[in-house]
Visitor: 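To start, I am sharing the structure in question, which I have written as structure tokens.
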Amino acid sequence: MITPTEAITLQEQLRTQVIATDALPHPIRTIAGTDVEYDKSTNLIAGSVVVLDYSTLSVLAVASHCMEVSFPYIPGLFSFREMPPLLEAYRQLTITPDLIICDGQGLAHHRRFGLACHLGVTLDIPVIGCGKTRLCGQYQDLGETRGSVAPLIAEEDQAVIGNALRTRDGINPVFVSIGHKISLPTATGIVLKMATQYRLPETTRLADHYARLALLEYKTGLNEPPVSI
DNA sequence: GCGACAG
DNA sequence: ATCTTGTCGC
């Protein structure tokens, strides 16, 4: 397996391939969400990709994959843990989404190469990073109402690496950043549009649901081996 | 050295 | 991520 040191070297190489401007189809017809679920006791990890119709939010396709965890959790090397099940799930899809919203950061990362960038560069499709909590960067003066935005500023060079975005009045913001082939304003607008009823975008909520389901199904399958004739 | 630290 | 019910507040 890849070592943490090798992973950092790979990030430094791949980061140069990130495209931080809009290169997505218009109009957008389909949007996918990805999420990963863990089972601490069995060391299993399940990744899911769910594709939605962009205008109706109806589910068009779902794919999941369960496997053993192959990389430890190290802040900054998170993508090496979640990429394997996500890539396998994505491979099973019969349709290619116009873009993906993944759970976790994109450029809002210490080396500017979070999961959203890694997934985007690897699949070569537009990806938005949307994390539930902050990894790095500082923000201030974020309004309390839905739609309020404050830039996420990197400590070291004051670069804008993402946005803190309030998707519901008085509720903790989400952290939006560029993954690949999309600009920050576009990414922020899309996340706000996808998060109407709840704090998280519908894509993430559905992917979370299907990943949890895949993990449960896989575990019950292990407990009930196939019957012999 | 100390604190921070996506899931 | 996960361990985990009720409870406080909009």
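Numbered from 1 within each chain, the chains take letters A, B, ... in sequence-line order.
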Visitor: Rounded to the Å, how far apart are A:Y73 OH and B:dC5 P?
Guide: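 Interatomic distance, OH of A:Y73 to P of B:dC5: 10 Å.
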Visitor: Can you see if the side chain of A:T133 gets near the phosphate of B:dG7 - specifically, an N or O under 4.0 Å from OP1 or OP2?
Guide: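 Checking A:T133 against B:dG7: at least one side-chain N or O falls below 4.0 Å of OP1 or OP2.
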Visitor: Using atom names, set out every protein N or O paired with an N or O of nucleotides 2-9 of chain C below 3.5 Å, distance rounded to 0.1 Å.
Guide:
unit_1, atom_1, unit_2, atom_2, d
C:dT2, OP1, A:E37, OE2, 2.6
C:dT2, OP1, A:Y38, O, 3.4

Visitor: Looking at CD of A:Q105 and CZ of A:F175, how far apart are the two atoms once the value is rounded to the nearest 0.5 Å?
Guide: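 Taking CD in A:Q105 and CZ in A:F175, the distance rounds to 7.5 Å.
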Visitor: Would you mind classifying the nucleic acid contact of A:L44 as base, sugar-phosphate or nothing, using non-hydrogen atoms under 4.0 angstrom?
Guide: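 It contacts nothing in the nucleic acid.
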Visitor: Determine whether the side chains of A:T5 and A:T3 contain a donor N or O and an acceptor N or O closer than 3.5 Å.
Guide: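 Note: A:T5 and A:T3 side chains miss the donor-acceptor criterion.
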Visitor: Round to the nearest Å and state the distance from A:L115 atom CG to B:dA6 atom C1'.
Guide: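 My rounded result for the distance is 8 Å.
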Visitor: Need one value for A:H109: base, sugar-phosphate or nothing, where a base atom within 4.0 Å counts as base even if backbone is also close, heavy atoms only.
Guide: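 Base contact.
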Visitor: Nearest whole Å is fine: how far is B:dA6 C1' from A:R112 CZ?
Guide: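 Nearest whole value for this atom pair: 14 Å.
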Visitor: Just wondering, do A:I125 and A:Y90 contact through their side chains at under 4.5 Å, heavy atoms?
Guide: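 Yes, at least one pair of side-chain atoms sits under 4.5 Å.
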Visitor: Do A:E156 and A:R112 meet the salt-bridge criterion of a basic N to acidic O distance under 4.0 Å?
Guide: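 Between A:E156 and A:R112 there is a salt bridge, with a charged N closer than 4.0 Å to a carboxylate O.
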Visitor: Report which part of the nucleic acid A:I45 touches: base, sugar-phosphate, or nothing (heavy-atom distance under 4.0 Å, all strands).
Guide: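 Nothing, no heavy atom under 4.0 Å.
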Visitor: For A:R29, is there an ion pair with A:D53 - N to carboxylate O distance below 4.0 angstrom?
Guide: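 Looking at A:D53 and A:R29, the cut-off is not met.
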Visitor: Nearest-Å distance, CZ (A:R81) to P (B:dG7)?
Guide: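 Distance, rounded to whole Å: 13 Å.
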Visitor: How long is the line joining CZ of A:F80 and P of B:dA6, in whole Å?
Guide: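 It works out to 17 Å between those atoms.
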Visitor: Output, in order, the C-alpha distance, side-chain angles, deciding distance and verdict of side chain to side chain donor-acceptor pair (under 3.5 Å) for A:E82 and A:Y38.
Guide: CA-CA 10 Å; A:E82 298 211 342; A:Y38 296 89; 2.9 Å; yes
Visitor: Can you tell me which stems DNA chain C forms when a stem means 3 or more consecutive Watson-Crick or G-U pairs under 3.5 Å?
Guide: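 The stems that DNA chain C takes part in number none, since no run reaches 3 pairs.
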Visitor: Can you tell me how far P of B:dA6 sits from CG of A:L119, to the nearest Å?
Guide: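 After rounding, the reported distance stands at 19 Å.
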Visitor: Rounded to the nearest Å, what distance is computed from the CG atom of residue A:L152 to the C1' atom of nucleotide B:dA4?
Guide: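 Distance, rounded to whole Å: 14 Å.
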Visitor: Nearest 0.5 Å, what's the OG-CG distance between A:S79 and A:L86?
Guide: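 So the gap between those two atoms works out to 10.0 Å.
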Visitor: When we call it a touch if two heavy atoms are under 4.0 Å apart, what does A:G170 touch: a base, just sugar-phosphate, or nothing?
Guide: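 It contacts nothing in the nucleic acid.
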Visitor: Before accepting this row, confirm whether a basic side-chain N of the pair A:R205/A:D103 lies closer than 4.0 Å to the acidic partner's carboxylate O.
Guide: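 A salt bridge is absent here (no side-chain N lies under 4.0 Å from a carboxylate O).
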Visitor: Looking across every strand, which nucleic acid part, if any, lies under 4.0 Å from A:R134 by heavy atom: base, sugar-phosphate, or nothing?
Guide: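 A:R134: backbone/sugar contact only, no base atoms under 4.0 Å.
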Visitor: In terms of the angle between their ring planes, are A:H118 and A:F80 parallel, tilted or perpendicular, with boundaries placed at 30° and 60°?
Guide: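 Aromatic pair A:H118/A:F80 classed perpendicular.
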Visitor: Using a distance-only test with no angle check, is there a side-chain donor-acceptor pair under 3.5 angstrom linking A:D35 and A:S48?
Guide: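 No pair is found: no donor N or O on one side chain lies under 3.5 Å from an acceptor on the other.
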Visitor: Pick base, sugar-phosphate or nothing for A:G76, based on heavy-atom distances below 4.0 Å to the nucleic acid.
Guide: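 Since a base atom lies under 4.0 Å of A:G76, the category is base.
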Visitor: Using whole Å, what does the distance between atom P of nucleotide B:dA6 and atom CZ of A:F71 come to?
Guide: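 So the two atoms are 15 Å apart, to the nearest Å.
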